[in-house]
Amino acid sequence: MYIHKLAGSWFRHPFWRGSFLLTEPQDLSAIRECGVGEVWVDLAKSQVDPESPESPESPEPRAQSPEPRELSEEQSLPSSPLSKKSDGATSMESEMCYARKLCLAAKSQVMDMFQEARLGKAVDPSTTLPLVGEIAASVLRQPHALISVARIKTHDDYTYLHSVAVCALMLSLARHLDLDEEQTRLAGIGGLMHDLGKAAMPLEVLNKPGKLTDAEFAIMKRHPVEGAKMLRAGGAEPGVVDIALHHHEKIDGTGYPDRLAGDAISLLARMGAICDVYDAVTSERAYKKPWDPSAAMRQMAKWEGHFDKRIFHAFVKAVGIYPVGSLVRLSSQRLAVVVEPGMESLLTPKVRVFFSLRSREPIPMQTIDLAATSCKDSITGPEDPTLWNFKNLDDLWME
């Protein structure tokens with residue numbers, strides 16, 4: 001039978017596509033085992049001649065890889081803080097702990113994906129679904145934990161954890177844009193695989209510990225096209241291919257590789273452009289220090305012609321005006337780091353106070369919910385961390 005749609009969220013089941021021709025009994029068992037209670041069947045597409053050796057359509061990707069392999073302890077996905085059937089929110093603290101473990105497992109899996117691509121092997125996008133599903137579940141439980149943790153990466157980890165971070169950002173943005181299950185699924189897979197083309201770039205250029213020359217940058221600008229080729233060869237859906245191919249396009253037509261402008265750039269590619277840039281500028285690189293998250297928001301908002309404004313406004317709501325890790329100045333003449341965005345307002349997050357502007361000295365740390373009715377303090381504005389040279393500022397919000 002031809003399944004038109006599976007009930008429930010796409011990351012609750014192990015199938016790459018939401019619509020496919022069901023031909024194997026074990027696939028029906030897989031649907032039952034993952035808790036899907038209802039399916040929509042297209043009777044017209046289900047009419048198969050029993051004497052014909054071939055069905056009218058090729059079967060879609062199966063629930064299991066044809067060559068399953070053991071995952072190492074490092075690659076294995078960690079147990080989530082909630083049961084698989086629970087969509088309830090978790091505390092920021094518990095989800096942060098889970099996000100660290102997930103990033104470790106995800107990095108190993110993405111590294112393997114890039115290595116296979118470097119060896120010329122076709123990368124099957126369906127193999128990423130378990131990982132994308134775990135990332136989506138984390139974002140659903142606590143939207144800001146994984147996004148914040150994945151931002152902290154070394155130069156050596158950048159390519160791999162950048163893919164994880166962009167995946168999480170895409171899924172969070174998809175929720176704020178109220179995209180349907182199909183588009184959200186494509187956003188997640190495309191976010192994770194958007195930079196696959198970098199596997200085709202010379203390692204001496206990709207891993208250069210410094211700023212690229214013009215000639216080296218020209219080489220790197222080929223990665224969207226190379227990534228699209230790899231994804232097509234692996235059978236990726238057009239939406240996933242498009243994210244890889246066009247996440248460096250700009251609304252004003254000055255991007256690459258095709259210099260597309262305005263609505264000629266797909267919704268998913270416009271989302272990818274924003275998520276890719278945000279994680280890039282807030283991550284430490286060999287040739288630059290990371291931007292403070294709130295500073296990144298302000299700077300990106302000033303770039304005329306770069307991003308789709310409607311999508312960028314949704315992105316700000318998804319991540320926050322003062323994202324986790326932002327250094328802010330309070331009306332009480334103290335400095336604090338944002339530890340959790342506000343539930344009701346982007347202007348009233350939870351912060352961790354640690355420094356007095358009056359005495360110019362550290363003070364005992366205190367976590368304050370600026371949204372609490374009893375709180376008299378407020379944020380007067382962002383603060384530039386480079387002016388203070390604080391050591392291990394990220395440790396303050398990751399504790």
Side-chain angles (χ1 to χ4, degrees), residues 10-11 14-17 61-78 99 101-138 146 149-150 153-171 185-203 205-207 220 222-245 247 268 272 275-276 279-280 283:
W10 65 267
F11 58 82
F15 295 91
W16 176 22
R17 299 180 189 272
R62 297 278 304 280
Q64 297 176 342
S65 171
E67 296 182 2
R69 57 189 175 88
E70 288 288 327
L71 290 179
S72 67
E73 183 175 349
E74 185 182 35
Q75 293 172 311
S76 299
L77 295 172
K101 297 176 183 177
L102 179 55
C103 281
L104 182 63
K107 184 185 81 168
S108 181
Q109 292 189 34
V110 175
M111 285 178 68
D112 282 355
M113 180 175 72
F114 271 72
Q115 183 60 25
E116 290 184 357
R118 287 193 186 99
L119 294 174
K121 298 180 180 179
V123 178
D124 182 355
S126 66
T127 62
T128 68
L129 268 182
L131 175 56
V132 176
E134 288 297 327
I135 294 171
S138 177
L146 181 58
V149 171
K153 56 183 86 71
T154 66
H155 170 65
D156 292 336
D157 292 339
Y158 175 77
T159 298
Y160 312 113
L161 286 182
H162 174 64
S163 298
V164 177
V166 172
C167 175
L169 288 166
M170 288 284 279
L171 290 166
R185 180 178 63 83
L186 294 175
I189 299 172
L192 190 69
M193 307 187 81
H194 79 287
D195 266 347
L196 186 63
K198 288 184 177 179
M201 300 296 100
L203 289 177
V205 177
L206 182 64
N207 297 329
M220 285 300 299
R222 298 205 307 262
H223 81 268
V225 173
E226 294 299 325
K229 289 180 183 177
M230 292 177 181
L231 289 168
R232 289 192 192 101
E237 293 171 274
V240 173
V241 174
D242 190 61
I243 293 171
L245 182 60
H247 67 277
L268 291 174
C275 297
D276 175 66
D279 186 69
S283 299

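Bear in mind that the values here come from a model prediction, so they are computed numbers and not experimental data.
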- Query: Nearest 0.5 Å, what's the CG-OG1 distance between L161 and T154?
  - Reply: 7.5 Å

- Query: Atom CG of N207 and atom OH of Y158: how far apart are they, to the nearest 0.5 Å?
  - Reply: 12.5 Å

- Item | Heavy-atom pair of closest approach, residues G191 and V166 | O-CG1, 3.8 Å

- Message: Please give me the minimum heavy-atom distance between L146 and A168, naming the atom from each residue.
- Response: CD2-CB, 4.1 Å

- Kindly give the heavy-atom pair with the smallest separation between G188 and C167, and that separation in Å. O-SG, 3.3 Å

- Message: Working note: Y160 + V164, criterion side-chain contact (heavy atoms from CB on, under 4.5 Å); need CA distance, chi angles, decisive distance, verdict.
- Response: CA-CA 7 Å; Y160 312 113; V164 177; over 6 Å; no

- Message: Within the 4.5 Å heavy-atom criterion, are M193 and P125 side-chain neighbours or not?
- Response: yes

- Query: What heavy-atom pair brings A165 and K153 nearest, and what distance separates the two atoms?
  - Reply: CB-NZ, 4.5 Å

- Message: Please evaluate residues V132 and R185 with respect to the criterion side-chain contact (heavy atoms from CB on, under 4.5 Å), reporting the C-alpha separation (whole Å), side-chain torsions for both, the decisive distance (0.1 Å), and the verdict.
- Response: CA-CA 8 Å; V132 176; R185 180 178 63 83; over 6 Å; no

- With rounding to the nearest 0.5 Å, note down the distance linking CE in M113 to OG1 in T127. 7.5 Å

- Note on the structure: Heavy-atom closest pair (L131 atom, L192 atom, distance to 0.1 Å) is CD2-CD2, 3.9 Å

- Item | Set of side-chain contact (heavy atoms from CB on, under 4.5 Å) partners for I243, sequence neighbours left out | M170, H194, L268

- Note on the structure: So CD1 of I135 and CD1 of I189: to nearest 0.5 Å the spacing works out to 11.0 Å

- Task: Rounded to the nearest 0.5 Å, what's the gap from CG on D112 to CD on Q115? Could you check?
- Result: 8.0 Å

Taking distance alone, no hydrogens or angles, what donor-acceptor pairs closer than 3.5 Å link side-chain atoms of residues 223-234 to residues at least two apart or in another chain?
{"residue": "H223", "atom": "ND1", "partner": "M220", "partner atom": "O", "Å": "2.6"}
{"residue": "H223", "atom": "NE2", "partner": "D195", "partner atom": "OD1", "Å": "3.2"}
{"residue": "H223", "atom": "NE2", "partner": "H248", "partner atom": "NE2", "Å": "3.4"}

- Query: To the nearest 0.5 Å, what is the distance between CG (L206) and OG1 (T159)?
  - Reply: 4.5 Å

